[in-house]
Amino acid sequence: MKITWLIIWIGVLFSNPVTAECNITSQLVTCEESAKNYSSIPTFLSENVTILYLNNNSITLNDTDKKILQRFINLTELYLNENAITVLHNNSFCNLVKLTILDISHNCISTIEQAAFTGLNQLSKLYLNHNKISQLDSDTFTTVKTLMVLSLADNLLKYFDVKASFKLITVTLNGNPWHCSCGLLSLRKWLNTSNVTMENENNTLCAYPDVWNKSSIKTAPIQTTNCYSRRGSLAITTPSTSAISPKITVILTSSLTSSNNSIRNNASHADSPPVGKSWAFLLGVLVFVLTTSLLILIAVKFPLWYHYLISYNHHRLEEYEPDMFEEEFTTDMSTFPPISNTTEQDSIVVFEQTHTFVVDEDGFIEDKYIYDPELTEEG
């Protein structure tokens, strides 16, 4: 009998080894699974768990872990701190609609995708401290409308772009190598104009430039005058031929001078913004100016209307060939009525009389060939 009970007890122990680790009350199911050397989230946990401690393991939060987490729809607190997470992928916690506290601190997180926190509709506290985050934007948290506490301490953040719609009650930013230059203006403006409280404000200092390494990022004297590039409008007109070259030279010279000055300012002033992709914008401006100047020069030097003007020059009319003249003359002679009973000599006389015009005193031409019956009878 004793052996039978022993076998039953061993079977129950191996079939449900976590019952002793979970504290079940009337409203909460708290499972303590810390320091169990898990490489993934265990699948034998109760789906009714509300508070889950998985800290101090080797969980990476891969695709398999994401699918397992989606089962815990009643989860309100999740502790994944001190694990081996490196990337927070999109929709990592999409089904945890009741989650209010998420602790993923003390990991190796370097990348947080844009929709990593989608679905956390009731999240109020998020701990991301002690990771390796170097780039982060407030848009990452826009889907979390209820977020009140955010800890980003002890990461690798140099800048943090904050939108006006970003609202918190408490934020922790100390332990980051903040660059107190133009890239930090949005964060400083948000800290000074919103009602947010910055924890450890006296220890949240500038790491660059060195002269401000004892200044708080909230009060650092960033010179905003060097943060906004002056964009001059290039008014392209139709200058005269004599003035086009000097104007083009002035435009190109001013563009190159401004670009050199901006590069020197970025190199010499510590409070100037990082160059980033400004060189691409400058290159585009130079290409636009050179192309426009070349088109204007071609339009002035080689105008299209010049070719049309040449086509209107007067040319000397070509003289008719003798054969052509004889052909036209024969055609004209064919218009005269034929004269019968005439010889070749009479034809010549008739031709001469036909082309001889005598002007009378009254200005009328006398026609010698008007028909007169009397003369005909006499002849």
Side-chain angles (χ1 to χ4, degrees), residues 111 113-115 134-140 142 157-166 177-190 192-193 206 208-209 211-212 217 220-315:
T111 303
E113 296 183 357
Q114 189 73 22
S134 59
Q135 293 182 354
L136 193 61
D137 194 283
S138 63
D139 288 338
T140 308
T142 53
L157 291 171
K158 298 178 181 179
Y159 307 100
F160 183 35
D161 188 19
V162 178
K163 304 298 188 299
S165 59
F166 190 51
W178 297 110
H179 280 206
C180 292
S181 58
C182 299
L184 209 66
L185 283 178
S186 62
L187 175 60
R188 195 183 71 166
K189 181 180 179 181
W190 176 69
N192 291 323
T193 57
C206 300
Y208 179 85
V211 294
W212 296 345
I217 63 171
I222 302 176
Q223 298 181 6
T224 58
T225 55
N226 295 329
C227 295
Y228 304 100
S229 59
R230 299 177 180 179
R231 299 180 179 179
S233 60
L234 298 176
I236 302 175
T237 58
T238 307
S240 60
T241 307
S242 59
I244 184 170
S245 298
K247 288 190 176 183
I248 294 173
T249 305
V250 169
I251 292 174
L252 293 176
T253 305
S254 60
S255 300
L256 293 174
T257 304
S258 61
S259 63
N260 291 333
N261 291 335
S262 62
I263 294 173
R264 293 194 190 98
N265 290 332
N266 289 331
S268 59
H269 295 287
D271 58 343
S272 60
V275 176
K277 295 184 178 180
S278 60
W279 61 269
F281 174 76
L282 178 61
L283 181 61
V285 172
L286 290 178
V287 171
F288 173 76
V289 172
L290 289 174
T291 305
T292 306
S293 304
L294 183 61
L295 290 176
I296 295 175
L297 184 62
I298 292 174
V300 174
K301 296 294 185 181
F302 307 101
L304 187 61
W305 51 265
Y306 182 75
H307 298 286
Y308 290 101
L309 184 62
I310 293 176
S311 63
Y312 284 99
N313 288 342
H314 294 284
H315 296 280

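Throughout, numbering of the chain's residues begins at 1 and tracks the sequence.
- We find the SG-OH distance between C180 and Y208 to be 11.0 Å, quoted to the nearest 0.5 Å.
- A donor-acceptor pair under 3.5 Å links the side-chain atoms of T140 to the main chain of D137, judged by distance alone.
- For Q135, there are no side chain to side chain contact (heavy atoms under 4.5 Å, CB included) partners, not counting sequence neighbours.
- Proximity of W178 to K158: side-chain heavy atoms (C-beta onward) are nowhere separated by under 4.5 Å.
- Judged by distance alone, with hydrogens and angles left aside, the side-chain atoms of W212 form no donor-acceptor pair with the main-chain N or O of P221 at under 3.5 Å.
- D161 pairs by the side-chain hydrogen bond (donor to acceptor under 3.5 Å, both in side chains) definition with K163, S186, not counting sequence neighbours.
- Looking at residues two or more places apart in sequence or on another chain, you find a side-chain hydrogen bond (donor to acceptor under 3.5 Å, both in side chains) between E113 and H89, N90.
- Here K189 pairs with nothing under the salt bridge (Lys or Arg N to Asp or Glu O under 4.0 Å) rule; sequence neighbours left out.
- Here N192 contributes atom CG and L187 contributes atom CG; the two are 9.0 Å apart, rounded to the nearest 0.5 Å.
- Counting only distance, with no hydrogens or angles, the side chain of R188 and the backbone of I217 share no donor-acceptor pair below 3.5 Å.
- In this structure, the separation between CZ on F160 and CH2 on W190 is 6.5 Å, given to the nearest 0.5 Å.
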